[in-house]
Protein chains: 2
Amino acid sequence: MLVNRQGKLTAVDQKYPIPLTSSNIRAACAQCSLRELCLAVGLDNEDLHKLDDFVIRRKIKRGQQIFRAGDPFEALYAIRIGFFKTDILTEEGLEQVTGFHMAGEIIGMDGISNDYHVCNATALEDSEICIMPYDQLEELSRHIKSLQQQFHKFMSREIVRDQSLMILLGSMRAEERIAAFLLNLSQRMRVRGYSASEFHLRMTREEIGSYLGLKLETVSRAFSKFHDEGLIGVQQKYIRILNAEGLKALLNHAPS
Amino acid sequence: MLVNRQGKLTAVDQKYPIPLTSSNIRAACAQCSLRELCLAVGLDNEDLHKLDDFVIRRKIKRGQQIFRAGDPFEALYAIRIGFFKTDILTEEGLEQVTGFHMAGEIIGMDGISNDYHVCNATALEDSEICIMPYDQLEELSRHIKSLQQQFHKFMSREIVRDQSLMILLGSMRAEERIAAFLLNLSQRMRVRGYSASEFHLRMTREEIGSYLGLKLETVSRAFSKFHDEGLIGVQQKYIRILNAEGLKALLNHAPS
DNA sequence: CCTGCCTATTGACCAACATCAACGTAATTG
DNA sequence: CAATTACGTTGATGTTGGTCAATAGGCAGG
């Protein structure tokens with residue numbers, strides 16, 4: 001087995017790069033439950049089938065990577081099922097997590113600007129993705145106006161998302177960051193029809209810290225503090241939001 | 001006069017929103033010296049003229065805003081001459097600068113995702129922009145493949161740029177951030193044919209600090225320290241890079 | 001030229017978070 | 001089952017950068 005239960009690589013990752021010849025299934029956007037979250041929003045059935053013509057569905061195991069920094073850019077990836085992180089190895093060899101990604105989100109757009117990827121994308125649980133070869137997506141979006149518009153909105157949304165994180169990193173204190181992080185996760189779970197008040201974290205404290213510009217100890221301490229204050233329940237990676245209003249209140253009166 | 005020399009608003013800004021009926025000139029992309037930096041990269045003359053048909057050139061005074069958070073999204077703006085900042089007012093009423101923008105760069109892409117802008121764009125010196133109404137740009141990019149590709153690259157570049165800033169904010173210490181900031185500015189000046197070793201900062205220490213997640217005093221102290229170490233020359237907003245290698249060296253051995 | 005405002009610099013002090021370290025726990029492996 | 005490994009929690013201590021405050025310089029406007 002390539003990964004242990006924590007998703008850590010325990011051997012050379014022989015499944016990378018993802019083999020394009022095995023376990024590939026033609027996508028079926030028209031039947032997909034994520035149609036309204038994904039790029040396909042607003043497309044009619046005929047157009048959906050044009051997407052199906054070149055979109056490939058793939059299973060990805062926990063710990064497996066879809067692409068790595070430096071890889072040539074070939075496709076965008078829509079998450080159908082599962083949970084991913086994207087991260088960058090800094091010059092000093094430190095990992096910095098740049099995002100956590102859930103069903104309906106699209107990753108890989110960083111690669112468009114220079115024809116290679118600048119980050120790694122790793123599954124944090126067993127997942128399923130739709131591979132959208134970029135040349136064909138670009139071609140099709142020249143012919144389907146609503147696809148073009150939807151695609152642009154996805155890119156713009158990524159810009160806006162990154163800017164929110166910049167604000168978080170630039171102006172919030174540790175506990176505010178963590179409250180914001182939990183509320184954001186909760187919100188995204190709700191949109192996808194999962195419980196917004198209890199969920200399993202798929203990432204470690206260290207990955208959360210890396211994402212939020214904090215050390216893992218600081219993350220752990222904040223979780224414990226929120227727990228003691230009755231704001232959340234914490235048992236390892238299992239989180240319950242007990243007082244969402246209380247968490248939101250932490251965001252508003254920032255002394256800094 | 002609406003703004004004093006520092007660009008601070010000294011009266012209600014009556015020039016906002018920018019009047020579309022005065023001082024508008026048809027753009028002339030084919031003659032533009034920024035053709036190779038801007039969206040027009042790779043377009044032939046015929047296509048350039050199609051762009052000219054709807055792109056409007058405008059002068060913008062220091063302190064004037066192109067758009068504000070909450071404004072309906074209508075156009076993208078290419079900077080022809082000058083220098084801009086984009087910023088967001090946080091819930092607590094604090095300004096957070098999200099970017100500094102120079103000639104050849106495009107601002108406003110944050111507005112695509114929700115049909116309104118999420119940030120403000122303010123000229124930090126007298127400037128000139130090309131207004132590109134978005135509907136028409138989208139339409140034209142369906143017909144000109146290289147325009148479409150170029151546009152996508154610009155959006156992706158913005159994503160990559162934001163992610164670099166996330167890494168800076170999430171993992172660098174104060175002096176590293178400021179060294180990185182100066183080197184980045186220097187590099188962008190070089191690309192535009194200006195001196196990379198001496199330039200005027202168009203923004204205040206407070207704006208730099210806001211951008212880098214630091215307080216203005218910290219920015220000032222770092223400038224003084226670099227000055228004492230002979231890395232840079234500082235006289236108010238006039239900066240000389242005396243030892244670029246020394247600045248780069250600060251980035252590499254990060255103890256954190 | 002003086003006045004006032006904005007900006008920048010510098011020092012003294014302090015708090016938030018990082019660092020270092022020890023220990024506990026869950027899950028996997030042999 | 002024991003051993004191992006990753007992950008998480010908590011405490012003690014230290015450093016970075018924030019906070020508060022005083023001072024000075026540049027520029028606008030009367």
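These numbers were taken from a predicted model, which means no experiment stands behind them. Atoms considered below: every heavy atom in the structure, side chains included; atoms not considered: hydrogens, waters and symmetry mates. Order of the sequence lines sets the chain letters (A, B, ...), proteins ahead of strands, with each chain counted from 1.
Residue pairs meeting the salt bridge (charged side-chain N to carboxylate O under 4.0 Å, His left out) criterion with at least one partner in residues 194-205 of chain B, sequence neighbours excluded, are B/Glu125-B/Arg202. Identified under the ring pair (Phe, Tyr, Trp, His ring centres under 6.0 Å) test for residues 173-200 of chain A, with sequence neighbours left out: A/His200-A/Tyr238.
Contacts of A/Asn184 classified as side-chain contact (heavy atoms from CB on, under 4.5 Å), with partners at least two apart in sequence or in another chain: A/Arg188. Taking B/Glu175 as the reference, B/Lys225 meet the salt bridge (Lys or Arg N to Asp or Glu O under 4.0 Å) condition, with sequence neighbours excluded. In this structure, the salt bridge (Lys or Arg N to Asp or Glu O under 4.0 Å) partners of B/Arg161, at least two apart in sequence or on a different chain, are B/Glu158.
If you check C/dA8, C/dC17, C/dT19 against the side chain of B/Arg205, the one that comes closest is C/dA8. For A/Arg173, the listed nucleotide lying nearest its side chain is C/dC17; candidates were C/dC17, C/dA8, D/dG17. Closest to the B/Gln236 side chain, of the nucleotides D/dG8, C/dA8, C/dA18, is C/dA8.
Residue A/Arg62 contributes atom CZ, which lies 11 Å from atom P of C/dA27 at whole-angstrom precision. Per the geometry, CZ belonging to B/Arg177 stands 10 Å off C1' belonging to D/dG17, to the nearest Å. Taking atom CE on B/Met203 and atom C1' on C/dC6, their separation rounds to 17 Å, with Å as the unit.
OP1 or OP2 of D/dT19 lies within a sub-4.0 Å distance of a side-chain N or O belonging to B/Lys215. Taking only side-chain nitrogens and oxygens, A/Lys237 never comes nearer than 4.0 Å to OP1 or OP2 of C/dA26.
Only A/Leu216, A/Glu217, A/Ser220, A/Arg221, A/Ser224, listed by number, bring a heavy atom of residues 216-231 of chain A to less than 4.0 angstrom from any atom of DNA chain D.
A salt bridge does not link B/Arg58 with B/Glu128: every distance from a Lys NZ or Arg NE/NH1/NH2 to an Asp or Glu carboxylate oxygen is 4.0 Å or more.
Among the heavy atoms of the strands, none lies under 4.0 Å from A/Gly209.
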